[in-house]
Number of protein chains: 2
Amino acid sequence: MTPSEFGTLDPRIPVVAVDVTVFTLLGSELRVLLVRVKKRPYTGVWALPGGIICSDESLEEAAYRELAEKTGLKSVYLEQLFTFGDVNRDKTRRAISTVYFALVNAEGLELKTTEKYAGIGWFPVKKLLRLAYDHAKVIRYAVKRLRWKLEYTNVAWSLLPRAFTLTELQTAYESILGKKLDKRNFRKKILSLRLLTPAGKMKHSAAHRPAELYRFKTRKPIIVKVL
Amino acid sequence: MTPSEFGTLDPRIPVVAVDVTVFTLLGSELRVLLVRVKKRPYTGVWALPGGIICSDESLEEAAYRELAEKTGLKSVYLEQLFTFGDVNRDKTRRAISTVYFALVNAEGLELKTTEKYAGIGWFPVKKLLRLAYDHAKVIRYAVKRLRWKLEYTNVAWSLLPRAFTLTELQTAYESILGKKLDKRNFRKKILSLRLLTPAGKMKHSAAHRPAELYRFKTRKPIIVKVL
DNA sequence: ACAAAAGTGTTGTTACTACACCCATGG
DNA sequence: CCATGGGTGTAGTAACAACACTTTTGT
């Protein structure tokens with residue numbers, strides 16, 4: 001059974017959807033993945049990627065499917081964020097949407113879209129245009145959760161390339177948390193957590209001293225007080 | 001439209017339910033509210049209270065309705081916990097269930113049940129019997145969240161009577177976290193947070209020095225590192 | 001040689017842990 | 001008067017915040 005077979009019934013009967021908020025860093029700016037809707041009444045408006053679940057997949061599988069369709073990525077950090085179920089969040093029918101939350105390294109990543117959408121792109125989280133449904137609210141909530149996650153877990157690995165410098169890591173933290181951090185204290189704290197291991201290489205990027213590259217020892221999500 | 005009008009369709013079409021994990025302290029033991037199912041194939045088995053949502057209520061309203069039906073309580077602490085959507089979690093049909101999480105003071109509270117159930121009661125969270133659906137898993141997850149909430153927020157007020165002694169508060173923490181706490185450090189920390197205000201009364205409970213009664217200054221949920 | 005980012009320590013302050021005795025009451 | 005839980009302080013330790021200069025490289 002395909003998604004399109006649902007949703008043709010009584011508009012008061014709830015339909016179950018999954019949406020995904022995918023975040024990445026581009027030019028040390030936090031961005032979210034949006035798609036351009038074709039269907040009325042939101043034609044031309046941008047929204048989070050998502051859709052009705054299929055009858056033979058779990059919610060999480062639906063979220064992974066959505067993510068893979070748009071980004072081609074399979075093994076990324078993904079977790080359930082919240083389920084939005086207000087009566088009039090979708091003007092056309094009763095829709096319950098479980099929103100997932102993904103973090104991605106966009107380096108060399110090609111976005112693809114399906115017939116369903118008229119476009120796809122990364123949008124800065126600051127000053128977002130008007131979005132369809134209640135998606136503006138959803139993104140605000142997701143950003144809050146992302147900030148919390150950065151401070152209390154090791155998920156930052158999912159935003160960065162495999163190997164990265166401590167300054168890159170610090171910049172990621174700074175641009176998402178929206179505040180400057182002390183270089184010495186940051187490095188001391190991060191290294192003392194023993195989450196990182198030197199990659200054994202240097203990054204030579206310009207006319208200045210090269211930086212040591214590090215990797216996360218594990219890419220399993222764990223809870224640690226980082227800051 | 002009433003809930004019973006749903007669920008008569010194709011069993012592969014997802015139906016949206018809300019379940020509630022209601023916790024309380026009875027005899028300084030953590031307990032959860034369970035109801036006894038009548039319907040096959042879970043006849044006689046205990047489960048979390050819950051049901052299909054109505055077409056004109058939000059998820060949260062459905063959770064409040066469920067809670068009020070069973071406990072008569074209206075203004076309690078309630079928040080969304082998680083949405084469970086595995087394909088075979090309900091043997092009879094595809095059911096997506098958003099689970100809410102409530103904390104209640106059970107003092108002088110009368111449990112009521114509806115036609116739908118064969119019984120209702122408070123069950124110790126330790127050594128639970130077999131439960132219907134995936135509700136054992138749901139409760140384990142909810143207990144984890146409860147422990148986190150106690151350590152990082154002020155929600156403890158919702159488990160206690162309006163006025164309580166510091167020892168009662170400490171006992172609540174100890175029985176939920178499952179460990180002893182140091183009396184002096186606990187009191188020092190709690191009072192330094194300035195969440196409590198003396199109720200101006202004493203609790204005379206037996207042949208020993210009476211204890212000062214306190215109240216929470218606010219019953220709005222806030223995030224504070226308590227322990 | 002200079003511009004530009006990498007890298008590195010110390011000190012003061014604050015929060016946390018561990019620990020033992022006297023107090024007020026009811027029976 | 002005694003059994004019971006209520007109430008209190010201190011000292012050592014660990015985590016955190018604030019702060020500026022030297023090193024290494026490419027051009």
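In what follows, every chain begins at residue 1, and chains take the letters A, B, ... in the order their sequences are listed.
- Atoms NZ (B:K188) and C1' (C:dC16) sit 8 Å apart, rounded to a whole Å.
- B:H204 places its NE2 atom 7 Å from the P atom of C:dT25, with the value rounded to the nearest Å.
- Between the side chain of A:R209 and the base of C:dA4, no donor-acceptor pair of N or O atoms lies under 3.5 Å.
- Between A:E69 and A:R65 there is a salt bridge, since at least one side-chain N of the basic residue sits less than 4.0 Å from a carboxylate O of the acidic one.
- Taking atom CG of residue B:D182 and atom P of nucleotide D:dT10, one finds them 16 Å apart after rounding to whole Å.
- Atoms NZ (A:K203) and P (D:dT25) sit 17 Å apart, rounded to a whole Å.
- On a pure distance criterion of 3.5 Å, no polar donor-acceptor pair joins the side chain of B:K189 and the base of C:dT17.
- Between B:V87 and A:E57, the shortest heavy-atom contact is CG2-C, 3.5 Å.
- Taking the six-membered ring for Trp and the full ring otherwise, the centers of B:Y100 and B:Y77 sit at least 6.0 Å from each other.
- When all heavy atoms of B:A106 and B:L26 are compared, the pair lying nearest together is CB-CD2, 4.2 Å.
- Between the CG atom of A:L196 and the P atom of C:dG7 there is a distance of 12 Å, given to the nearest Å.
- Contact check, A:R187 against C:dG7: a side-chain N or O comes under 4.0 Å of OP1 or OP2.
- Of the candidates D:dT25, C:dT25, D:dT8, the closest approach to any side-chain atom of B:R184 belongs to D:dT8.
- When rounded to the nearest whole Å, the span between CG of B:L191 and P of D:dG9 equals 12 Å.
- Nearest-nucleotide mapping onto DNA chain C: of B:P210 and B:K225, the residue sitting toward the 5' end is B:K225.
- Of the candidate nucleotides C:dT8, C:dG7, D:dG7, C:dG7 has the atom nearest to the side chain of A:E212.
- For B:T167, a side-chain nitrogen or oxygen approaches OP1 or OP2 of D:dG6 to under 4.0 Å.
- We find that NE2 of A:H208 is positioned 5 Å from C1' of C:dA5, with the value rounded to whole Å.
- In this structure, A:E212 does not pair ionically with A:K201, as no charged nitrogen and carboxylate oxygen lie closer than 4.0 Å.
- If you measure from atom CG of A:L169 to atom C1' of C:dG7, you get 15 Å, rounded to the nearest angstrom.
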